[in-house]
Amino acid sequence: MSTIGLETPVGREATAHHEEDTGFWSWITTVDHKRIAIMYFVAATAFFFIAGLKALVIRAQLMFPEQTLITPELYNQFFTMHGTTMIFLVAMPMAVAFFNYLVPLQIGARDVAFPRLNALAFWIFLFGGIYLNSSFLVGAAPHASWVGYATLTSPEFSPGQNTNFWLIGLSILGIASIMGGVNFITTIINMRAPGMKLMRMPLFTWMTLVTSFLLITAIPVIGVALIYLGFDRLFGTVFFQPAGGGDPVLWQHLFWIFGHPEVYILILPAFGVISDIIPTFSKKPLFGYPIVVYAGILIGFIGWGVWSHHMFTVGLGPIADSFFVAATMIIAIPTGVKIFNWLATMWGGSLKFTTAMLFCVGLLAVFTVGGLSGIMHASAPVNLQQHDSYFVVAHFHYVIVGGAMMGLWAGLYYWFPKVRGRFLDETLGKWHFWTTMIGFNLTFFPMHFAGLFGMPRRIFTYSAELNVDIYNQLSTVGAFIFGISSVIMVWNIVKSWRSGEPAPANPWGAPHLEWATPSPPHHYNFPRIPTVRSREPLWHKQERDEILAVTMPDPEEEPLMPNPSYWPIVLAAAITLSWALVMTGIWWVIALGILPVILATFMWAFEPAFPEGHGH
Amino acid sequence: MSTDVTHAHDGADHHSHPSASFYVWIGVILAVVTGVEVAIFYIEAMDPYEAPLLVLLSAAKVVLVIMFFMHLKMEPRFLTWVFMAGVVLATFMVGALMVIYHVLPRFGGL
Amino acid sequence: MAQAATASVEEHGHTSTGVSNWKVGFWTFIASECLFFGTLISTYMVYKGRAVVGPYPEEIFDVLHTTISTTVLLFSSLAFVLALHATQQGKKGIAILWLFFVIAMGAGFLYMEGTSYLKYIDYGLTLGSSTFGSAYYVLTGTHKVHVILGMVWIGALIWLLFRGRIPPAKSEQVEIAGLYWHFVDIIWIVIFTLVYLIQ
């Protein structure tokens, strides 16, 4: 098993292959899931630096008590946009980049079910993200935090366009998320290679399926809440306005009915990534595969019944609180089960600590810390003490950065050779990992103490009498180290993209179907579709030989792939524009804005998806 | 979920469709049930049972439309599961919010 | 290995389940819409009986009027399923006729609901008059936007049928639009009961 990498043919460089168009317009019009994935990754990394810089300004402001580096108003905009950007424009699209690249390759398909819809979702995401950040250019960035609690967002307390940018921007991003969810559910259900039964799918594909279901079910809830907020602000409804009989707490319910499944939307892809990586570098199949799958489904399902644990301080009463305490503690069980499955996979395996594996092990360590502090404030009485303090900030950074982002970075090192045909530099990778671990823990571990000693979150400064200076100073130093680690990562990507060490088709000796293609894969993925007979098809000699005989040689005639198209980017621009026009609050302007959308939709619908002569 | 069906089907003939008169009958049943619902609404003697009866009857209408007009009954079972994922979560959400807003307050602030 | 060289990715056939991508994708979208309308309905139910100023639902709702518009929408679903039936049998003229009926009934529904809106506004129920006004108009208004979009879609289908571009083998194009139209009808069935009948 250990020599698989040597037996298989080397990358694309070595074989004659069809020259693809790589010009600028070919990227604009592409419907290839692999190119869309690369664009998602680049865009998400750019947003990661934008939001990271905001975090560094925040940390600089908090380094010493009673500083006035930035104004309170700007501080509000910075922490709001830091959170909003990191969640909706970094963690989610970064995961979607992996969905896009890997799902069709892992299930043995040539592309996703709806390639043009895939491109459309990307462009909507990109334009929505640019729109949201453009608010800084007009000095009116959102300022009511990423949860946008009523009545901070009421016209009364948030005049101006700040909150309008937020609610319209998030609605635009929501459209892209639902399109992505529909696309990946259809792809996974419908596009599997012969023999690729559901219970043979790689864990990453499984977690993509669960995440996609969470996307299509949770996003509509926040969508409606944002519609209410927009109506409250622009057309005078009273959904969240106490003066008109509205209940601000309803916003909290709707937000967290979406918001808690959202947490699992962020973490489950990372769980999928490490469930694929750990077995490869332990040279053992995943321990208890069905249990890991069922635990993932269960997490997704129970994730719907815990939202009010964000609202214990509202005073819903002991019955409601008890229910949500119990549900929250129950959800720790499937999560814990997964942790033990990963540990059991590593147990007795021949471990190989590449950078990808280091990030997986790092995830297990820091995510567990975040999980434990999560169980602490799952208990309602404890929660009352910790709510809205820096303890909570520490907790969710441990699960989102230490869980979701570490998992995705592990995936970056693992799949980069597949994407580029070159390895990422392992030395720089180890620098990236260790600076991340040190910077991250130095930033967020002291926040537990700052919080328990009474430092509230979302304040632009604090009094020296609170005695939390030292924790804040440690955090600030850590944040800058963390910043440096991100620069190392990007330097590594740029350097290795140009001149990394060439990688063969299956450099790690991994078991799944994506490694049965050349590195990088053909634009049509598989010349012929292989037949799968087990969960680790490349780990069984006979099955591997059969698959590679089908997937590696160049075909005599290339498979027919969908046409590139301009309409995704045009339609995405029209949708973003029509949504942005809602800011005016004028009925006829909004109605006129819908016309380009309808026009572009019809042009899209009547454009042939495949080259002429492909009869259907 | 579903078992794997690897051979392809062509066009519209992969399941038998009911006849036009069958659809008309379903339409008539739907109209009649709607009539019964409105009658329940107007008959005062029915007031104590009104809410549960009406919910039951409209649920029956919904099921009829889904099974026959939308042909879900004739489709592979996994499509029902996809759809039910949405229905179950939506029902759970409506129910939970109703309990939080209308039932729990009756127990004196519990 | 039969689907070697030209297995397409967007057309039907060659799927793991035997059901076309379009149909799976659309049912997934409908599941998503369940949550969308579920949230709208939840909000109406949460605010039920909590409006602090009138007019109140029992003062203004005309159940008989709404029963008629509900029945119209119900029969439009029946007309649609008959249009699909005709398309599958290649009777394109009859299909077009039924689809025209669907659009006409959709328009009739919108007209009747529009007159109700005008009447309610006369009574003083506006978007901002109370939580009842906000929740009622946004819930039913969103449903009406869905009806209008459905009518545009059906209009496009009539054009395609007229040009002879939907032979029986491609009747799924009509079927998918039907899924949408029936779902919009289902939502109204729920709204009719929860909003109008259970006051």
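What you see below is based on every heavy atom in this structure, not just the backbone, and it leaves out hydrogens, waters and symmetry mates. Quick note on labels: first sequence line is chain A, next is B, and so on, each numbered from 1. Model, not experiment: these values are computed from the prediction.
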Residue selection (most heavy-atom pairs with chain A, distance under 4.5 Å) from Phe36(C), Tyr47(C), Phe29(C): Tyr47(C)
With distance as the sole test, does [X] use its side chain to make a donor-acceptor pair with the main-chain N or O of [Y] at under 3.5 Å?
{"X": "Thr15(C)", "Y": "Asn190(A)", "value": "no"}
{"X": "Tyr228(A)", "Y": "Ala135(C)", "value": "no"}
{"X": "Ser16(C)", "Y": "Arg192(A)", "value": "yes"}

Using a 6.0 Å cut-off, check whether atom [atom1] of [X] has over 12 heavy atoms from anything other than its own residue.
{"X": "Phe101(C)", "atom1": "CZ", "value": "no"}
{"X": "Phe26(C)", "atom1": "CZ", "value": "yes"}
{"X": "Glu156(A)", "atom1": "CD", "value": "no"}
{"X": "Phe162(C)", "atom1": "CZ", "value": "no"}

Residues Phe258(A), Leu35(C); criterion side chain to side chain contact (heavy atoms under 4.5 Å, CB included); working and verdict: CA-CA 10 Å; Phe258(A) 147 79; Leu35(C) 270 294; over 6 Å; no
Portion of Ile227(A) that has a non-hydrogen atom of chain C nearer than 4.5 angstrom: side chain
Part of Phe231(A) within contact of chain C (heavy atom distance under 4.5 Å): side chain
Val224(A) to Leu40(C) - nearest heavy-atom pair and separation: CG1-CD2, 3.8 Å
Chain C interface, residue from Ile178(A), Ile185(A), Thr237(A), Val221(A) that has the most non-hydrogen pairs under 4.5 Å: Thr237(A)
Roughly how far, to the nearest 0.5 Å, is the [atom2] atom of [Y] from the [atom1] atom of [X]?
{"X": "Thr28(C)", "Y": "Leu215(A)", "atom1": "OG1", "atom2": "CG", "answer": "12.5 Å"}
{"X": "Thr43(C)", "Y": "Asp247(A)", "atom1": "OG1", "atom2": "CG", "answer": "11.0 Å"}
{"X": "Ile189(A)", "Y": "Trp27(C)", "atom1": "CD1", "atom2": "CH2", "answer": "13.0 Å"}
{"X": "Ser42(C)", "Y": "His253(A)", "atom1": "OG", "atom2": "NE2", "answer": "11.0 Å"}
{"X": "Leu250(A)", "Y": "Thr39(C)", "atom1": "CG", "atom2": "OG1", "answer": "10.0 Å"}
{"X": "Ser134(C)", "Y": "Phe240(A)", "atom1": "OG", "atom2": "CZ", "answer": "10.0 Å"}

Trp153(C) and Thr601(A): CA distance, side-chain angles, deciding distance, side chain to side chain contact (heavy atoms under 4.5 Å, CB included) verdict: CA-CA 11 Å; Trp153(C) 191 350; Thr601(A) 308; over 6 Å; no
Contact origin within Leu149(C) toward chain A - heavy atom pairs under 4.5 Å: neither
